[in-house]
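Worksheet: one structure, shown below.
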Amino acid sequence: MDLSRPDRTERLDALAAQYALGTLSPRARRRLARAGPSVPAVARAISAWEMRLAALAEAIPGVTPPPRVWEGIRARLGMAETLPSRGPWWSSLGWWRGLAFGSLALAVALAVTLFTGRPGEPSQAIVVVLAGQDGKPVLVASADRGSHVLTVKSVAPVDVAAGRALELWALPQGRDPRSLGLIPASGVGRVTLADTAGVALENTPALAVSLEPSGGSPTGKPTGPVLFSGPVSRLY
Amino acid sequence: MNASVASTAERTTALAQLLARTALADQAAFGELYRRTSSQLYAVALRILRDRGTAEEILQEAYVSVWHNAGTYDAAKSQPLTWLVSIVRNRCLDQIRRRDIQTVPLSRDDDEPELEIPSDSPTPVEMLLDGAAALSVRECINTLEGSQKQAIALAFYHGLTHAEVATHLRQPLGTVKSWVRRGLERLKRCLDRAGVTA
């Protein structure tokens, strides 16, 4: 059908009007939409009607969509996080809020302590369950309050690429992270602390593990992604 | 030209520039475009879909499409907001036509939006329109008969088909079709005389 013939233009105009209004049957709608890009007369007729009816749509009072819509759009487009990064992750409130899984971790910590505590001895333990973003515990760090050694047990497998290492950090309140040392990706690791655990981890609400070059962070601060973190539970 | 007309022209130009920058993958421009237009587009989608979840979904799809297709926007052919509204409306209509069209619930007591554009308190988006054009549209709509206005408003704002409008208004299908057709013809003649569209 030659839509640009004068006797057809009226018919086309009526179709375009119904298209813009939205009353065309689904089949006719699809046909016209398909023709649009390749037949200029169709595209022109549709856009003229969309312009005529635009004022109707624009007369509707606006409704602000919830923030998740914009977040969803950015996620679909693979755009980076919009949150303004005013500093490193350890100084962001959001990161600390992420530690809210602490109650679960604490329950796990208690269970771990009950299992590992030697019967008959009062437990004066510090226990940290380190979990990934999914909340699944991966490492359990524990020490007696008066001991200089922090034991880190792997409770789930961790894949660490060649040339990379896991580094354990203390995250003291309001200060930069302090390296506690490198830990193995599996089995049991022992980290020697500068002081007794009770003192070394004082005012330290959380520990974290970051992925670093083998040999540890070259800067003395975490440089790689934080893989696991967990709140410090003092069982005394 | 009064101050409000000048500022509407400025806003339209600003949106066109944001679209142009979005076409160049400028994320900040895209964010600003979203900030300025999303409430209007969300309102359009809500009217037609009558479901927040679906409206949010369609809105996301629409803006993702805008990001990818901003380069096809032609400022010579349409106003930026008209272009954006069309993208959202067409997605909404495709969405509801996929449903069983006979089951769309719409109470007769629903408050139907009046087709008149309020003249005393212009909506933010009305101000985006070229002032003279908005005035002509308002005047032209007011030349329609009540039944024509009502049928067109139901179809346009709620995405109803002819059959659904007929059911809703308890009128024969043929009557409704002719109200819509004559209403649109009259609107076009009036707007063309006023020089709103080419």
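Numbers restart at 1 for each chain; the letters A, B, ... are given by sequence-line order, proteins then strands. Just so you know, these numbers use all the heavy atoms, side chains as well, and skip hydrogens, waters and symmetry mates.
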Notebook entry, point to check: Measuring from Gln79(B):CD to Ser47(A):OG, what's the distance to the nearest 0.5 Å?
Noted result: 11.5 Å
Margin query: Using 0.5 Å steps for rounding, measure from the CG atom of Leu53(A) to the CG atom of Leu187(B).
Written below: 6.5 Å
Heavy-atom distances under 4.5 Å only: say whether [X] touches chain B with side chain, backbone, both or neither.
X        : result
Ala33(A) : neither
Ala14(A) : neither
Arg68(A) : both

Would you check if [X] and [Y] make a side-chain contact, meaning some heavy-atom pair closer than 4.5 Å?
X         : Y        : result
Trp49(A)  : Ser86(B) : no
Leu59(B)  : Val69(A) : yes
Phe156(B) : Thr23(A) : no
Lys188(B) : Asp13(A) : yes
Trp67(B)  : Met79(A) : yes

Next item on the list: Using modelled atom types only, decide if a donor and an acceptor are shared between the side chain of Arg89(B) and the backbone of Glu50(A) within a distance under 3.5 Å.
Entry: no
Checklist line | Side-chain donor or acceptor of Arg181(B) paired with backbone N/O of Gln18(A) under 3.5 Å | finding: no
Notebook entry, point to check: Does CZ belonging to Arg182(B) count more than 12 external heavy atoms closer than 6.0 Å?
Noted result: no
Checklist line | Arg30(A)/Asp94(B) ion pair, N-O < 4.0 Å | finding: no
Which portion of [X] sits near chain A, non-hydrogen atoms under 4.5 angstrom:
X         : result
Val44(B)  : both
Val165(B) : neither
Leu184(B) : both

Notebook entry, point to check: In a check of ring pair (Phe, Tyr, Trp, His ring centres under 6.0 Å) between Trp70(A) and each of Tyr42(B), Phe30(B), Tyr63(B), which one passes?
Noted result: Phe30(B)
Next item on the list: List the steps, then state whether side chain to side chain contact (heavy atoms under 4.5 Å, CB included) holds for Val63(A) with Gln40(B).
Entry: CA-CA 6 Å; Val63(A) 181; Gln40(B) 196 60 38; over 6 Å; no
Note to self: I'd like to verify something: which residue of Thr64(A), Ile46(A), Leu77(A) has the highest number of heavy-atom pairs under 4.5 Å with chain B?
What the structure shows: Leu77(A)
Check: Can you name the residues that form a side-chain contact (heavy atoms from CB on, under 4.5 Å) with Arg76(A), not counting sequence neighbours?
Finding: Glu57(B), Gln60(B), Glu61(B), Val64(B)
Check: Which pairs with one or both residues in residues 159-168 of chain A pass side chain to side chain donor-acceptor pair (under 3.5 Å), sequence neighbours excluded?
Finding: Glu167(A)-Ser179(A)
Note to self: I need the minimum non-hydrogen distance between Glu56(B) and Pro66(A), along with the two atoms involved.
What the structure shows: OE2-CG, 3.1 Å
Item checked: Atom of Gly62(A), atom of Ala43(B) and distance for their closest heavy-atom approach -> CA-CB, 4.0 Å
